[in-house]
Amino acid sequence: MDKLLIRGGRRLAGEVTVSGAKNAALPDLCAALLTAQPVLLRNVPRLQDVATTLKLLRNMGAHAERSESRPDEVTIDAGDVGKPEAPYDLVKTMRASILVLGPLLARFGEARVSLPGGCAIGSRPVDQHIKGLQAMGAEITVEHGYILAKARRLKGARITTDMVTVTGTENLLMAASLADGETVLENAAQEPEITDLAEMLIAMGARIEGHGTSKIRVQGVERLHAPANGHRIIPDRIECGTFLCAVAAAGGEVLLKNARADHLDAVVDKLLEAGVKIESGADWIRVAASGRPKAVGFRTSEYPAFPTDMQAQFMALNCIADGTAKVTETIFENRFMHVNELMRLGAHIEVDGHTAVVQGVPQLSGATVMATDLRASASLVIAGLVAEGETVVDRIYHLDRGYDRMEEKLRAVGADIERIQ
Ligand code: UD1
């Protein structure tokens, strides 16, 4: 199993190009199921989760290939899908596989999708996806661990989800695009990835208004087509935020290219509060830091507030900050698994329920630590970059699920980091 070996203490300097967003690529790939025409996606990150999605689409009979000459381009041709189903073996490795449910049901009138299993960061049910599709007239049963869904044609409906759910909103948005009549999604997620998906669907002929707000209106159409010029996936705001925290922790100056500061307002504000220097333009961010940052407390919440997917990385920064910070996680019930590992590196953290109090220390010391989930892995890498001596991060398959060649990008800006067996 691969590990990362990091020798801490190097400042970071140079340029990093941010990849396409994982959480936009996954729904966008699934949206290709909504048409029989071949769909071209650009700026597709090279990630394990993308590879799993391509496998899932091929398993149904779609052709899904990455271009050899342009590795950031993927074409999906769902003209020949014969088996509208997502098997347990694939779904268990990636919860976002549930994103095929809405498009399969809308286009083929049926779907068989395994229920996602337990997940390290909380129970994460999919009841809202099911409730929304039922409101649109689908008959849904759960048998032998599979969701079986049927509908001759989905009907538009007014749907208010009990909580804000990102993939839930995406599933319903895709289903509503091909439904009969108007769907109104209330309490919709407002993440940039929702807007990205909506813009792709609009380019495919969907009639959608209000994306990016909590109320989305969709007038269903009979048929969708491929976007005329393909669709370019937005930059990954979480990868970008992770590099911002890495530079803030390790010190140095880095220019992030293909980066959208307007998707990261809450994180940028907190970094400025910590004393980090940040400048930005339409598609770049320059970050500079020296000395210890100031400790900064925050509370995760739905977009546009501070993202739960940045909680662990910002906590790593607080571990070496000057002062004490309170971090509250409101989205997932069990998302502090990085805390024990950070403490193995010398951090002082106390957890009480959904809140962690981090008392900054002047120096961490390298050790062997275990990655427990995707963003936890990234926080351990950041901690390793500033810890004195060697840090080995084990189980980095979690990191490979969601970061495009992270160690290569860090090495290019001066980090001493290598992948070992
Ligand atoms: C998405 C992101 C993930 C991010 C999360 C929150 C993707 C592929 N993943 O995950 O990186 O951390 O948003 O920003 O985009 N819930 C229910 N019932 C449901 C759906 C959700 O109870 O049917 C709960 C969840 O358990 C959680 C909360 O709602 O507590 C938010 O979850 P949700 O927004 O659905 O997360 P994902 O879409 O899975």
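In listed order, ligands and their atoms are each counted from 1. Note: hydrogens, waters and symmetry copies are ignored here, and every other heavy atom, side chains too, is used.
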With a 4.0 Å cut-off, would you call Arg335 and Glu329 a salt bridge? no
Ion pair present between Glu273 and Lys270, side-chain N to carboxylate O less than 4.0 angstrom? yes
Is it the side chain (CB and beyond), the backbone, both or neither of [X] that lies under 4.0 Å from ligand 1, heavy atoms counted?
X      : answer
Met163 : side chain
Phe332 : side chain
Arg335 : side chain
Asp309 : side chain
Thr165 : both

Using distance alone, determine whether [X] and ligand 1 share an N or O pair under 3.5 Å.
X      : answer
Thr308 : no
Asp127 : yes
Leu26  : no
Ile331 : yes
Pro125 : yes

[X] neighbourhood, listing ligand 1 atoms whose heavy-atom distance to it stays under 4.0 Å:
X      : result
Val166 : 1 (C), 13 (O), 15 (O), 33 (P), 34 (O), 35 (O), 38 (O)
Val126 : 19 (C), 23 (O)
Arg95  : 39 (O)
Gln128 : 18 (N), 19 (C), 23 (O)

Between Asp72 (side chain only) and Asn43 (backbone N and O only), is there a donor and an acceptor less than 3.5 Å apart? yes
Below 4.5 Å, heavy atoms only, C-beta onward: do [X] and [Y] meet side chain to side chain?
X      : Y      : value
Arg95  : Val126 : yes
Pro227 : Val39  : yes
Leu410 : Phe243 : yes
Cys30  : Thr53  : yes

Between Lys409 and Ser19, do the side chains contain a donor N or O and an acceptor N or O under 3.5 Å apart? yes
Under a 3.5 Å threshold, yes or no: a donor from one side chain and an acceptor from the other, between Asp373 and His338? no
Answer yes or no: does atom CD of Glu418 have more than 12 heavy-atom neighbours from other residues, nucleotides or ligands under 6.0 Å? yes
Any heavy atom of His129 closer to ligand 1 than 4.0 angstrom? yes
Compute the minimum heavy-atom distance from Met310 to ligand 1 and say whether it is under 4.0 Å. no
